[in-house]
Amino acid sequence: MEGVLEIKEIVRKKMIEKRKEMSREEVIAKSRVIKGKVKKMKEFRSARNVMFYVSYNNEVFTHDLIKESFSEKRVIVPLLLDDEIVPVEIREWKELKPGAFNILEPEHRNLFPLHLIDLVFVPGIVFDERGYRIGHGLGYYDKFLKKLRATRIGLAFDFQVVKEVPHLEYDQRMDIIVTDKRILDCRE
């Protein structure tokens with residue numbers, strides 16, 4: 001297990017550095033392409049209750065997708081509460097304020113029932129073609145996803161997807177990964 005954690009840390013650091021090298025313009029342009037693909041997906045179009053991550057630090061930019069979804073979907077975002085992710089419904093962008101790790105999160109605690117979430121967008125630093133991911137190493141999303149039955153979609157820039165990443169038994173897989181170049185269905 002220790003060897004796996006060390007390898008994950010090395011891969012995580014390399015990929016964070018690579019992502020930091022992206023210009024703001026490149027992040028926005030590639031994120032627009034990803035958003036366009038997401039909006040055409042049947043999984044997204046048919047979902048009523050969608051949980052988004054609120055992007056920061058050169059992650060695939062989700063702010064526009066969130067804002068555009070208020071009119072047609074119930075929008076849920078994560079709130080870090082007692083070292084756990086809890087889903088909170090918001091109705092307007094202005095309900096978000098800087099919170100844990102300076103990531104935008106809701107000020108209020110209108111918790112949304114887990115079993116009603118249809119689809120969840122998951123951030124990651126690295127994904128592999130089987131749907132495994134490496135996040136920031138704190139395990140928040142893995143613990144959260146374990147409780148959830150929703151379709152899981154990882155959003156990544158294409159360079160963030162590799163053939164294989166090491167994983168442990170508690171690591172949760174994505175169903176689908178959407179990048180600026182492709183859509184990977186990991187359910188097969």
Mind listing the closest non-hydrogen atom pair of Pro98 and Asn102 along with its distance? CB-OD1, 3.3 Å
Passes side chain to side chain contact (heavy atoms under 4.5 Å, CB included), Phe157 versus Met15? Steps please. CA-CA 11 Å; Phe157 301 113; Met15 199 58 77; over 6 Å; no
Would a single hydrophobic cluster contain both Phe112 and Leu148, if residues Ile, Leu, Val, Met, Phe, Trp and Tyr are joined by side-chain heavy-atom contacts under 4.5 Å? yes
Just by distance, do the side chain of Thr151 and the backbone of Leu119 share a donor-acceptor pair under 3.5 Å? no
State, with a plain yes or no, whether a side-chain heavy atom of Leu155 is found less than 4.5 Å away from one of Val38. yes
Separation of Ile134 CD1 from Lys8 NZ (nearest 0.5 Å): 6.0 Å
Answer yes or no: are there more than 12 heavy-atom neighbours, outside Lys143 itself, under 6.0 Å from its atom NZ? yes
Contact summary for Arg133 and Gln172, nearest pair of heavy atoms: CG-O, 4.4 Å
Can you tell if the side chain of Arg187 reaches within under 4.5 Å of the side chain of Ile176, non-hydrogen atoms only? yes
Spacing of OH belonging to Tyr56 relative to CD1 belonging to Ile103, to within rounding of 0.5 Å: 4.0 Å
So OG1 of Thr179 and CD of Gln160: to nearest 0.5 Å the spacing works out to 9.5 Å
Between atom NZ of Lys67 and atom CZ of Phe52, what is the distance when rounded to the nearest 0.5 Å? 13.0 Å
Establish whether Ile16 and Phe127 are linked, either directly or via other cluster members, by ILVMFWY side-chain heavy-atom contacts under 4.5 Å. yes
So if you build clusters from Ile, Leu, Val, Met, Phe, Trp, Tyr with side-chain heavy-atom gaps below 4.5 Å, do Ile177 and Val11 land together? yes
Of all pairs that satisfy salt bridge (Lys or Arg N to Asp or Glu O under 4.0 Å), the ones with a partner from residues 156-166, not counting sequence neighbours: Glu129-Lys163, Arg130-Glu164, Asp158-Arg182
Does the pair Glu17/Lys20 count as a salt bridge with the N-to-O cut at 4.0 Å? yes
Quick one: NZ on Lys30 to CG on Asn58, what's the gap to the nearest 0.5 Å? 11.0 Å
Under a 4.5 Å side-chain heavy-atom rule over Ile, Leu, Val, Met, Phe, Trp and Tyr, are Leu79 and Leu104 clustered together? no
So do the side chains of Val178 and Met41 get within less than 4.5 Å of each other, counting heavy atoms only? yes
With rounding to the nearest 0.5 angstrom, report the CD to CD1 distance, Glu68 to Ile66. 10.5 Å
Any pair counted as salt bridge (Lys or Arg N to Asp or Glu O under 4.0 Å), so long as it reaches residues 96-125, sequence neighbours left out: none
Just by distance, do the side chain of Asp142 and the backbone of Asp171 share a donor-acceptor pair under 3.5 Å? no
Please list every donor-acceptor pair under 3.5 Å in which a side-chain atom of residues 84-96 meets a protein atom from a residue at least two apart or in another chain.
| from | atom 1 | to | atom 2 | distance (Å) |
| --- | --- | --- | --- | --- |
| Glu84 | OE1 | Lys147 | NZ | 3.0 |
| Glu89 | OE1 | Arg74 | NH2 | 2.9 |
| Glu89 | OE2 | Arg74 | NE | 3.1 |
| Glu95 | OE1 | His108 | NE2 | 2.5 |
| Glu95 | OE2 | Arg91 | N | 2.8 |
| Glu95 | OE2 | Glu92 | N | 2.9 |

Report the relative orientation of the aromatic rings in Phe144 and Tyr141; use parallel for angles under 30°, tilted for 30 to 60°, perpendicular for over 60°. perpendicular
Looking at Phe121 versus Tyr53, is the centre-to-centre ring distance below 6.0 Å? no
Are the side chain of Thr62 and the backbone of Leu65 linked by a donor-acceptor contact shorter than 3.5 Å? no
Could you state whether Leu116 and Ile153 fall into the same hydrophobic cluster, counting links through intermediate Ile, Leu, Val, Met, Phe, Trp or Tyr residues with side-chain heavy atoms under 4.5 angstrom apart? yes
Please walk me through it: do Leu168 and Leu5 pass side chain to side chain contact (heavy atoms under 4.5 Å, CB included)? CA-CA 9 Å; Leu168 298 165; Leu5 294 176; 3.8 Å; yes
If you compare all heavy atoms of Ala150 against all heavy atoms of Asp175, which two are closest, and at what distance to 0.1 Å? O-OD2, 4.0 Å
Quick one, Asp83 and Tyr140 - any side-chain contact, counting heavy atoms below 4.5 Å? yes
Indicate the atoms forming the closest heavy-atom contact of Val77 with Pro106, along with that distance. CG2-CD, 3.6 Å
